[in-house]
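Just follow the structure's listing: the first ligand is 1, and inside any ligand the first atom is 1. Not measured: the values here are computed from a predicted model. In this chain, numbering begins with 1 at the start of the sequence shown. Basis for what follows: all heavy atoms, side chains included, without hydrogens, waters or symmetry-related copies.
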Amino acid sequence: MHCDTPARSAAIVADGLRKSYGDKVVLDGVDLSVPEGTIFSLLGPNGAGKTTAVKILSTLVTADAGDLRVGGHDLATDPQAVRAAIGVTGQFSAVDGLITGEENMLLMADLHHLSRREGRRVAAELLERFDLTEAAKKPASTYSGGMKRRLDLAMTLVGAPRIIFLDEPTTGLDPRSRHSMWQIIRELVSGGVTVFLTTQYLEEADELAHRIAVLHDGRIAAEGTADELKRLVPGGHVRLRFTDPAGYRSAADALREAARDDEALALRIPSGGSQRELRSLLDRLDSAGVEADELTVHTPDLDDVFFALTGGAAVPHQPTEAAR
Ligand SMILES: Nc1ncnc2c1ncn2[C@@H]1O[C@H](COP(=O)(O)OP(=O)(O)O)[C@@H](O)[C@H]1O
Ligand SMILES: [Mg+2]
């Protein structure tokens, strides 16, 4: 592993991307940049414009405006080269249910002009990798939702694309299939592939993405790592738990601003979780001569971020009277 890799070049760049359908402005000046070999997540609710963005960046729909580059190629002047560099797995699968999983794979191999022998080899390898070997000879219509998604992604990988667009790859999947899809996506990226992932699930973006962009009202309302987005939202706190009721009472006396949970012998203190705040808190506990049995720092989760950014709902949190 290199530790001193130079700044990676961008696999996907959009600058001022705009798209309207009639009067409806769907994308109203979207800027984004996805470094090679990373997972970028475009996060937004139904109707936010995620699929529209994917369709544009994968050459299926033309933008009204914007400088767009994918795989180093200009979308406006060289869509053919972009197409050769990418794979797309849509919200609505390309899987043909009437033929078997293996036949679907061989069809893709044909489309990519692989020889019969090479096609069979690649198909078998991918079916194996996605745990579909046993089902390979069965019609795809008999597959579960999770199996269909895996087959769809396997088909996308036949052409060995370096950039993959995954449009809501886990929507509608049960938790187990979702986790297995997450594992597959992680493996792709560890192999150097760039993934552009759309999702409505904050948890999914948090779990997978190096960077997350929140799409709201046709624009990127916020962009950053999951941690950076979480820091945008106040509402973090430290929780102290005690096993000894006397210690709990002394701590509660020393930390007047804490919210008490007498039953759990726990105190909740508003805090951004910085080293300075934590040190000051520990100092105050020391002066009071008490020691907590457990200290946990809680940052707001992505749900809080999303609602805070998009004005969906007030984020419930205690008035922050900084403990200094
Ligand atoms: N071909 C189209 N013609 C007209 N309106 C469209 C078309 N495609 C998408 N839209 C509208 O654009 C908006 C964004 O849609 P979409 O990109 O599918 O959102 P998402 O994928 O985030 O759910 C929606 O209001 C949708 O109705
Ligand atoms: Mg969509």
Side-chain angles (χ1 to χ4, degrees), residues 12-34 39-66 68 70 75-76 79 82-83 86-95 145-146 148-153 155-156 161 163-174 177-178 181-182 184-185 194-209 211-224 226 229 302-303 305-313:
I12 302 167
V13 183
D15 196 358
L17 168 57
R18 284 173 199 284
K19 179 74 187 177
S20 300
Y21 287 111
D23 291 346
K24 171 143 184 81
V25 180
V26 179
L27 300 173
D28 190 15
V30 166
D31 304 327
L32 53 87
S33 175
V34 183
I39 307 184
F40 177 88
S41 177
L42 189 61
L43 180 66
N46 231 333
K50 301 181 297 297
T51 298
T52 302
V54 166
K55 282 187 171 163
I56 290 171
L57 293 171
S58 59
T59 78
L60 299 174
V61 164
T62 29
D64 297 338
L68 310 172
V70 174
L75 265 166
V82 171
R83 243 167 262 149
I86 65 170
V88 188
T89 301
Q91 209 170 351
F92 305 102
S93 161
V95 172
K148 271 186 202 153
R149 294 287 171 90
R150 294 208 300 278
L151 177 59
D152 201 15
L153 186 49
M155 287 164 64
T156 305
I163 301 171
I164 297 178
F165 292 90
L166 298 174
D167 193 10
E168 299 198 29
T170 68
T171 297
L173 294 188
D174 61 80
S177 306
R178 172 170 300 167
M181 187 57 87
W182 286 355
I184 288 170
I185 294 170
T194 306
V195 173
F196 187 100
L197 169 98
T198 75
T199 184
Q200 303 188 36
Y201 304 119
L202 308 148
E203 186 203 357
E204 181 159 287
D206 195 359
E207 190 71 37
L208 291 176
R211 294 189 78 76
I212 300 167
V214 181
L215 188 59
H216 177 65
D217 264 351
R219 291 166 177 273
I220 304 295
E223 208 236 315
L229 292 184
L302 272 178
D303 277 303
V305 175
F306 193 76
F307 285 123
L309 288 172
T310 61

Exercise for review: Flag T198 as yes if one of its N/O/S atoms falls below 2.8 Å of the Mg ion (ligand 2), otherwise no.
Suggested key: no

Within 4.0 Å of some non-hydrogen atom of N46, the atoms of ligand 1 are 23 (O)

message = Contact between L166 and M181 at the side-chain level, heavy atoms closer than 4.5 Å - yes or no?
response = no

Looking at K55, K50, Q200, the heavy atom closest to atom 22 (O) of ligand 1 belongs to K50

Honestly, for T52 the part within reach of ligand 1 (heavy atoms, under 4.0 Å) is both

Margin query: Are the side chains of F196 and L32 in contact, using a 4.5 Å heavy-atom criterion?
Written below: yes

- Message: When you compare the side chain of T171 with that of Y201, does any pair of heavy atoms fall below 4.5 Å?
- Response: yes

So is there a nitrogen or oxygen of A48 less than 3.5 Å from a nitrogen or oxygen in ligand 1?
yes

Check: Any side-chain heavy-atom pair from L215 and I220 closer than 4.5 angstrom?
Finding: yes

To atom 19 (O) of ligand 1, the nearest of G22, G49, G44 on a heavy-atom basis is G49

* Is a donor on one side and an acceptor on the other found under 3.5 Å between the side chain of K50 and the backbone of G44? -> yes

Checklist entry - Do T89 and D152 have a side chain donor and acceptor closer than 3.5 Å? => result no

Within 4.0 Å of some non-hydrogen atom of T51, the atoms of ligand 1 are 17 (O), 18 (O), 20 (P), 21 (O)

Short version for P45: what comes under 4.0 Å of ligand 1, heavy atoms counted, is backbone

Quick note on ligand 1: atoms under 4.0 Å from a heavy atom of V26 include exactly 12 (O), 13 (C), 14 (C)

When every non-hydrogen atom of P79 is compared with those of A76, the smallest separation belongs to CD-O, 4.1 Å

- prompt: Do any N/O atoms on E168 end up under 3.5 angstrom from N/O atoms on ligand 1?
  reply: no

